[in-house]
Engineer: 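This is the structure I want to talk about, given as structure tokens.
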Amino acid sequence: PANTLGVPPMPPVAVSELALSDVPAETRIVDIRPREAQAAGFLSGSIGIEVADDFGSWVGWLLPYRSPMVLVAEPGQDATEAITQLAQIGVDTVKGVVRALGDAATARFELVDLDTFRRRMAEPDAQILDVRMPSERVLARLDGAVERFLPDLFTEGVPDELDPDRPVLVVCASGRRASIAATLLVREGYHPVVLTDAGIQDVVAPQAAA
């Protein structure tokens, strides 16, 4: 059966199939699992955008429009919401869903809470990447942070100021955009450390109150 927009159920795709010649080279692999699952292990080269109300908007913003796409979901995760949101922006190029990553999930990033993030910031070699939009930076800013809005990270690349030999502390307002950025940073050879369930406003709050 199709969902309310007439989008048919997606066929399963095995990880081994992604390397076959019948999968177009321009195919984008989008990991829709929760960020905790992505951090623990995801497919190298894939982009993690966990399903939420703005999933379709982020896919449309960050990835080439209507490029062939394969989703990565957890074994019991319903991919209908993701596929429906893509259909709402005119994207019907999803070829299938990978649900068993096995040993192929070799890419990883760190998720840390606010206290841990603050401790990592205090380390002498700390480097911070702020992926919020410019209008958000007016309200709260971290001294010394490299600033690049998430969509610009995809179009302009990783800022030259960031050293791939040191961890990159990635922050936004909640952890959602920072997690998306982390999967791109891993692809480019960096080691991201993501502040999750908090943001720059939380990091600077004690400083503002002092």
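Computed from heavy atoms alone, side chains included, the values below leave out hydrogens, waters and symmetry copies. In this text the structure is predicted, and so the values were computed from the model without any measurement.
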Engineer: What distance separates R35 CZ from D197 CG, expressed to the nearest 0.5 Å?
Structural biologist: 5.5 Å
Engineer: Any heavy-atom pair between the side chains of F109 and V193 that's under 4.5 Å?
Structural biologist: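 No, too far: nothing below the 4.5 Å cut-off.
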Engineer: What is the minimum heavy-atom distance between F42 and R108, and which atoms define it?
Structural biologist: CE2-N, 3.8 Å
Engineer: Does anything in residues 134-154 form a ring-ring contact (aromatic ring centres under 6.0 Å, His included)? List the pairs, not counting sequence neighbours.
Structural biologist: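 Sorted result for residues 134-154: W61-F149.
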Engineer: Taking all non-hydrogen atoms of both residues, which atom of R66 and which atom of V91 are closest, and how far apart?
Structural biologist: NH1-CA, 4.2 Å
Engineer: In sequence, state the C-alpha distance, the side-chain angles, and the governing distance for V70 and V30, and then conclude on side-chain contact (heavy atoms from CB on, under 4.5 Å).
Structural biologist: CA-CA 6 Å; V70 171; V30 180; over 6 Å; no
Engineer: Using 0.5 Å steps for rounding, measure from the CD atom of E50 to the CZ atom of R33.
Structural biologist: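 Atom-to-atom, E50:CD and R33:CZ are 11.0 Å apart.
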Engineer: Is the backbone N or O of G56 less than 3.5 Å from a side-chain atom of Q85, with the two atoms forming a donor-acceptor pair by type?
Structural biologist: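 Yes.
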Engineer: Looking at Q127 and R166, would you say the former's side chain and the latter's main chain have a donor-acceptor pair under 3.5 Å?
Structural biologist: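 Yes.
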Engineer: Say whether T116 and D113, considering side chains only, have a donor N or O and an acceptor N or O under 3.5 Å apart.
Structural biologist: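 Yes, because at least one side-chain N or O of T116 sits under 3.5 Å from a partner of the opposite role on D113.
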Engineer: side-chain contact (heavy atoms from CB on, under 4.5 Å), that's the test. Do V72 and I32 meet it? Break it down for me.
Structural biologist: CA-CA 6 Å; V72 176; I32 68 172; over 6 Å; no
Engineer: Would you say that I49 contacts V59 through its side chain, given a criterion of any heavy-atom pair below 4.5 Å between the two side chains?
Structural biologist: yes
Engineer: With side chains defined as the heavy atoms from C-beta onward, is the minimum distance between V168 and H191 less than 4.5 Å?
Structural biologist: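 No, every pair of side-chain atoms sits at 4.5 Å or beyond.
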Engineer: Would you indicate whether the side-chain heavy atoms of D31 and L43 approach each other to under 4.5 Å?
Structural biologist: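 SC-SC contact between L43 and D31 ruled out.
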Engineer: Quick check for you: to the nearest 0.5 Å, what is the distance between I47 atom CD1 and L62 atom CG?
Structural biologist: 8.0 Å
Engineer: Between L71 and M10, does a side-chain contact (heavy atoms from CB on, under 4.5 Å) hold up when you go through it step by step?
Structural biologist: CA-CA 9 Å; L71 304 182; M10 291 295 109; 5.7 Å; no
Engineer: Which heavy-atom pair separates D165 from D163 by the least distance, and what is that distance?
Structural biologist: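 Shortest heavy-atom contact: N-OD1, 2.8 Å.
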Engineer: Are there over 12 heavy-atom neighbours, none belonging to D160, within less than 6.0 Å of that residue's CG?
Structural biologist: no
Engineer: Restricting to non-hydrogen atoms, name the atom on E17 and the atom on P12 that form the minimum distance, rounded to 0.1 Å.
Structural biologist: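 In this case the closest contact between E17 and P12 is OE2-O, 4.3 Å.
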Engineer: Atom OG1 of T196 and atom CD of E110: how far apart are they, to the nearest 0.5 Å?
Structural biologist: 12.5 Å
Engineer: State whether E147 and R141 are salt-bridged, where the test is any N-O pair (Lys NZ or Arg NE/NH1/NH2 against Asp/Glu carboxylate O) under 4.0 Å.
Structural biologist: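 So E147 pairs with R141 through a salt bridge.
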Engineer: May I ask you to decide if V146's main-chain N or O and E161's side chain share a donor-acceptor pair within less than 3.5 Å?
Structural biologist: no
Engineer: Write down the atom of P159, the atom of R148, and the distance for their closest heavy-atom approach.
Structural biologist: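 Smallest interatomic distance, heavy atoms only, reads N-NH1, 3.6 Å.
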Engineer: Name each donor-acceptor pair under 3.5 Å that joins a side chain in residues 95-105 to protein atoms two or more places apart or in another chain, with its distance.
Structural biologist:
{"residue": "R99", "atom": "NH1", "partner": "E74", "partner atom": "O", "Å": "2.8"}
{"residue": "R99", "atom": "NH1", "partner": "Q77", "partner atom": "O", "Å": "2.6"}
{"residue": "R99", "atom": "NH2", "partner": "Q77", "partner atom": "O", "Å": "3.0"}

Engineer: If you define the side chain from C-beta out and look only at heavy atoms, does anything of L162 sit under 4.5 Å from L129?
Structural biologist: yes
Engineer: So how far is it from L195 CG to I200 CD1, rounded to the nearest 0.5 Å?
Structural biologist: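 Interatomic distance, L195 CG to I200 CD1, rounded to 0.5 Å: 9.0 Å.
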Engineer: Using side-chain heavy atoms (C-beta onward) and a distance below 4.5 Å, is D130 in contact with L142?
Structural biologist: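 They are not in contact (no side-chain heavy atoms under 4.5 Å apart), so the answer is no.
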Engineer: Using every non-hydrogen atom in the two residues, find where R177 and C172 come nearest and quote the distance to one decimal.
Structural biologist: N-SG, 3.6 Å
Engineer: For residues 178-187, dump all side-chain donor-acceptor pairs below 3.5 Å to protein atoms at least two apart in sequence or in another chain.
Structural biologist:
{"residue": "S179", "atom": "OG", "partner": "G175", "partner atom": "O", "Å": "2.8"}
{"residue": "T183", "atom": "OG1", "partner": "G48", "partner atom": "N", "Å": "3.0"}
{"residue": "T183", "atom": "OG1", "partner": "I180", "partner atom": "O", "Å": "2.7"}

Engineer: Step by step, work out the side-chain contact (heavy atoms from CB on, under 4.5 Å) result for M69 and L86.
Structural biologist: CA-CA 11 Å; M69 195 177 305; L86 292 174; 3.9 Å; yes
Engineer: Side chains of V170 and V131, heavy atoms from C-beta outward: is any pair under 4.5 Å?
Structural biologist: yes
Engineer: Does any non-hydrogen side-chain atom of P167 lie less than 4.5 Å from one of Y190?
Structural biologist: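 Side-chain contact under 4.5 Å: no.
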Engineer: Determine yes or no for a side-chain-to-main-chain donor-acceptor pair under 3.5 angstrom, with S46 supplying the side chain and I29 the backbone.
Structural biologist: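 No, the answer is negative, given that no donor and acceptor are paired below the 3.5 Å cut-off.
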Engineer: Tell me whether L139 shares a hydrophobic cluster with M133, the cluster being built from Ile, Leu, Val, Met, Phe, Trp, Tyr side chains joined at under 4.5 Å.
Structural biologist: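 The answer is no; the residues belong to distinct hydrophobic clusters.
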Engineer: Report the distance from atom CZ of R28 to atom CG of L63, rounding to the nearest 0.5 Å.
Structural biologist: 6.5 Å
Engineer: Between E26 and P68, is there a donor-acceptor pair closer than 3.5 Å when you use the side chain of the first and the backbone of the second?
Structural biologist: no
